[in-house]
Amino acid sequence: MDQYLQGIIILLCINCIAAMGVSLLTGFTGIFSLGHAGYMAVGAYAVAILTVEHEIPWALALIAAGLFAALLAFVVGVPTLKLMGDYYAIASIGLGEAIRLIIENWQSVTRGARGYPGIEDFVSAPVAVGIALLLGTFMFFLVQSNFGRGFKACRDDYLAASLLGFNTARYRVLSLTISGFYCGIAGGMLAGFMGFIQPVMFDINKSTELTAVVVFGGLGSLSGTLIGTTVITLVTELFRPISQYRMLIYGLVLVLIMVLRPEGIMGQRELKSVITSMFKPKKTSPKEVA
Amino acid sequence: MRKKFGILAVAVALVALFVGSAMAGEIKIGYLAALTGDYAGYGQTELRAAQLAVEEINAKGGVLGNKLVLVPYDWRTRAEDAVNAVRRMIDQDKVVAIIGANASGANIATAPIVNKAKVPQIGTVSTNPLVTVDEKGKVRPYSFRICFTDPYQGKVLANLAAVKLGKKKGAMLYDVASDYSQGLREFCIKEFEKLGGKIVADEAYKGTDTDFRAQLTNVRNSGADVLFLPGMGKDMALIIKQARELGMKDLVIMGGDGYADFMYEIAGNALVGTYWVNHTSLEDPGMQPFFKAYKEKYKDECKEFVNGVLAYDSVYWLADAIKRAGKVDGTAIAQALEKTKDLKLHHAVLSINPKDHNPLNKTAVILRVEKDGKAHFFTRIQPK
């Protein structure tokens with residue numbers, strides 16, 4: 001397989017991991033975030049600094065990157081998740097930009113806007129696919145578990161969930177922490193794929209893109225998120241020969257899906273339920289006896 | 001006899017056909033330009049200029065009997081997109097060389113790929129030293145640039161201020177989010193202080209900002225007699241406009257090659273008297289055919305003329321290197337690019353330093369904006 005196709009697979013895996021993180025928070029817990037690129041930035045710079053400056057093996061550095069991002073998400077989540085709805089979304093934009101600006105200005109550690117070069121390119125296609133499958137499997141079981149039901153309860157009716165005895169604050173913080181971990185891993189992998197990172201890679205456009213693919217795939221559908229990410233990643237690549245017009249197609253695809261299917265490609269359904277419903281025999285009503 | 005003659009005629013025809021098709025072969029050159037995103041204006045100008053150069057070269061018979069074909073890809077002003085674009089150029093389009101990108105970040109990100117694949121790449125306006133050398137200072141064999149570097153441009157700016165204009169109290173207003181701006185600032189300060197100058201105000205802004213009055217008030221209060229602007233067109237135009245509005249009429253303002261003609265549309269007469277480091281001037285006789293041809297073909301002035309000029313000459317430089325290499329092979333082309341000496345391009349005479357693949361002692365042109373709103377030739381500076 002040539003380098004180009006491998007590159008697409010790697011980028012697709014990275015995008016899927018980050019999107020799964022956002023999906024858990026936005027799709028399953030109902031907390032809209034527009035600052036998750038910030039957690040990717042933390043992961044990316046953690047990998048860069050740990051592997052280049054401290055010569056830590058990439059696998060350990062990658063785990064540490066995820067944990068750093070998760071820790072930051074937890075620390076930030078405790079005070080900010082008191083904000084509800086749009087207010088948290090606005091706060092998350094500020095947070096994402098604040099992280100990026102700290103990285104830009106903290107030149108002695110991050111090397112600033114000029115970027116961080118010389119990172120070991122440890123992310124091959126098998127590594128990326130392996131990590132994506134591992135994290136995907138974990139996420140699948142998580143959303144099906146009692147925790148998953150807790151997250152969904154927070155999303156569907158926060159107040160009712162509280163009255164039913166769910167510790168909604170804990171679920172929201174846990175969701176953000178796991179979400180941060182996933183984005184941290186994705187950021188670390190991006191650093192290992194690129195070999196060079198800059199703060200501008202993790203701007204608000206990246207955050208918006210992550211949220212867009214989750215909405216595009218279907219809020220509350222893990223397979224929808226993965227399908228959405230795949231479609232968006234492939235659309236930008238397949239139409240590369242038509243240069244700037246591919247972004248027009250990218251925009252049109254997003255708009256069309258939102259118009260034709262406001263609930264996203266999968267809505268809240270998973271691929272498994274869609275496939276089984278296709279092959280299930282239709283129930284026939286019993287004939288009336290005269 | 002007749003049969004033999006017929007066979008001979010067919011053989012000759014086949015040979016002629018084969019030779020003809022070989023003559024009309026294609027040499028694919030990748031072009032990496034930001035056609036969408038923050039640097040789209042610059043990238044689109046570059047691509048147009050490169051297309052123009054390719055058409056001119058092909059009209060004169062191409063290179064080694066083959067016609068040049070440009071394979072352009074947009075990198076959206078995003079380094080990860082540039083990586084995939086370059087991989088596609090190399091693996092699927094089988095390009096022999098790549099020109100672009102129009103930003104250092106993309107070139108640094110793609111450098112390991114082109115060097116591994118042995119496909120030479122020429123950065124047009126990529127001024128970060130790491131474009132052509134790695135972190136250890138070792139030259140990247142397949143990475144080149146046609147522009148001067150941040151350290152060189154910083155030296156030129158400092159020389160202009162401290163030596164040519166005799167200014168010793170400098171203020172710096174730079175874009176904290178731009179690698180280009182940060183690099184130019186760093187090297188300009190270093191050289192300015194070496195020449196006896198002092199930075200009395202060091203202010204920052206973020207690329208998306210539009211109001212710079214707070215920083216400019218600090219500049220005014222610092223008593224600076226020269227303001228360095230290592231930024232891009234739109235930001236610098238707004239800064240200059242606001243500086244003059246705040247009463248800083250006598251403050252000398254200068255900047256790097258981020259200057260573009262469209263700045264006058266934003267800043268108006270506030271731009272008059274400002275100085276800009278550049279690769280060429282609009283009055284350069286060598287560039288007039290290009291500006292004329294560009295206007296005829298695209299029905300538009302080449303407003304981002306630095307990008308246009310460097311993209312145009314990058315194609316001519318690459319074509320010359322392929323000719324000198326004598327074959328369409330990445331390694332041979334890279335060696336020819338490295339051995340470039342006293343090559344007469346349209347905007348400059350180019351020699352390449354084999355130690356770092358940067359242009360060797362390339363003279364910088366200083367432009368001064370006059371009352372007609374255009375940047376005119378002021379002087380040349382070649383710091384040691």
Side-chain angles (χ1 to χ4, degrees), chain A residues 1-12 14-15 40 44 52 97 100-107 111-121 190-191 193-206 209 233 236-248 250-251, chain B residues 31 33-38 40 43-44 47 71-93 103-113 116-117 128-131 134-136 150 174-183 186 204 206-208:
Chain A
M1 195 195 299
D2 67 24
Q3 290 289 304
Y4 171 59
L5 292 174
Q6 282 189 50
I8 292 173
I9 290 165
I10 293 166
L11 212 54
L12 183 58
I14 292 167
N15 289 342
M40 284 186 78
V52 176
E97 285 296 281
R100 188 172 67 82
L101 286 168
I102 289 165
I103 290 168
E104 268 169 7
N105 286 283
W106 198 5
Q107 290 188 42
R111 307 189 190 183
R114 307 202 77 201
Y116 204 114
I119 306 159
E120 181 196 346
D121 54 342
L190 187 65
F193 167 60
M194 297 283 292
F196 170 75
I197 49 170
Q198 280 180 298
V200 75
M201 290 178 182
F202 309 101
D203 62 2
I204 190 160
N205 295 328
K206 186 73 182 170
E209 210 171 86
T233 305
T236 51
E237 280 307 324
L238 289 172
F239 294 104
R240 192 178 280 284
I242 54 171
S243 287
Q244 65 262 50
Y245 300 107
R246 72 193 172 120
M247 296 319 291
L248 191 68
Y250 169 88
Chain B
Y31 204 99
L35 304 173
T36 54
D38 293 347
Q44 285 164 10
L47 185 56
V71 180
Y73 285 143
D74 171 31
W75 64 280
R76 291 200 288 162
T77 322
R78 291 174 75 155
E80 62 267 39
D81 210 69
V83 164
N84 272 351
V86 163
R87 282 188 159 140
R88 181 169 177 148
M89 284 174 185
I90 293 166
D91 290 336
Q92 302 206 337
D93 299 307
S104 297
N107 275 87
I108 297 167
T110 56
I113 299 163
K116 193 177 173 185
N128 188 323
L130 290 173
V131 166
D134 64 19
E135 311 73 59
K136 296 179 182 83
D150 289 335
Y174 70 101
D175 179 0
V176 76
S178 160
D179 56 342
Y180 162 76
S181 192
Q182 275 201 7
E186 184 188 320
K206 201 164 119 259
T208 49

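Letters go in sequence order (proteins before strands), and every chain restarts at 1.
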[X] side, atom [atom1]; [Y] side, atom [atom2] - distance, nearest 0.5 Å:
| X | Y | atom1 | atom2 | result |
| --- | --- | --- | --- | --- |
| A:Leu5 | B:Asp91 | CG | CG | 7.5 Å |
| B:Asn107 | A:Phe196 | CG | CZ | 10.0 Å |
| B:Asn84 | A:Tyr4 | CG | OH | 6.5 Å |
| B:Arg87 | A:Ile8 | CZ | CD1 | 10.0 Å |

Non-neighbouring partners of B:Ala40 that pass side-chain contact (heavy atoms from CB on, under 4.5 Å), sequence neighbours left out: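 B:Ala40 satisfies side-chain contact (heavy atoms from CB on, under 4.5 Å) with B:Gln44 once adjacent residues are dropped.
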Check against side-chain contact (heavy atoms from CB on, under 4.5 Å), A:Gln107 and B:Gln182: CA-CA 10 Å; A:Gln107 290 188 42; B:Gln182 275 201 7; 3.4 Å; yes
Given heavy-atom pairs under 4.5 angstrom as the criterion, report whether the side chain, backbone, both or neither of [X] touches chain A.
| X | answer |
| --- | --- |
| B:Asp93 | neither |
| B:Ala33 | neither |
| B:Glu135 | side chain |
| B:Asp134 | neither |

side-chain contact (heavy atoms from CB on, under 4.5 Å) between A:Phe193 and B:Val83, intermediate numbers included: CA-CA 10 Å; A:Phe193 167 60; B:Val83 164; 3.9 Å; yes
Using non-hydrogen atoms and a 4.5 Å limit, figure out which bit of A:Leu101 sits close to chain B: side chain, backbone, both or neither.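 When you check distances to chain B, only side chain atoms of A:Leu101 fall under 4.5 Å.
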Tell me, for A:Leu11 versus chain B, whether the close heavy atoms (under 4.5 Å) come from the side chain, the backbone, both or neither.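 The side chain, not the backbone.
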Donor-acceptor contacts under 3.5 Å from residues 197-204 of chain A side chains, at least two apart:
| from | atom 1 | to | atom 2 | distance (Å) |
| --- | --- | --- | --- | --- |
| A:Gln198 | NE2 | A:Ala113 | O | 3.3 |
| A:Gln198 | NE2 | B:Asp179 | OD2 | 3.0 |
| A:Asp203 | OD1 | A:Asn205 | N | 3.2 |
| A:Asp203 | OD1 | A:Lys206 | N | 3.4 |
| A:Asp203 | OD2 | A:Asn205 | ND2 | 3.3 |

Identify whether the distance between the nearest side-chain nitrogen and carboxylate oxygen of B:Arg76 and A:Glu237 falls below 4.0 Å.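 Here B:Arg76 does not pair with A:Glu237 in a salt bridge, since their nearest N and O are not under 4.0 Å apart.
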Could you check whether B:Asp74 pairs with A:Arg240 (Lys NZ or Arg NE/NH1/NH2 to Asp/Glu carboxylate O, under 4.0 Å)?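 Not counted as a salt bridge, because no side-chain N and carboxylate O are separated by less than 4.0 Å.
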Looking only at non-hydrogen atoms, find the nearest pair between A:Arg100 and B:Ala177 and report the distance.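 Answer, listing the atom of A:Arg100 first, then B:Ala177: NH1-CB, 4.3 Å.
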Could you pull out the closest heavy-atom pair between B:Arg88 and A:Pro241, with the gap in Å?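 Shortest heavy-atom contact: NH2-CG, 3.1 Å.
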Options B:Leu130, B:Asp81, B:Ile113, ranked by heavy-atom pairs under 4.5 Å with chain A, top entry: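 Option with the greatest count: B:Asp81.
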Tell me, out of B:Asp175, B:Val176, B:Val71, who's got the most heavy-atom pairs with chain A below 4.5 Å.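 Most heavy-atom pairs under 4.5 Å with chain A: B:Val176.
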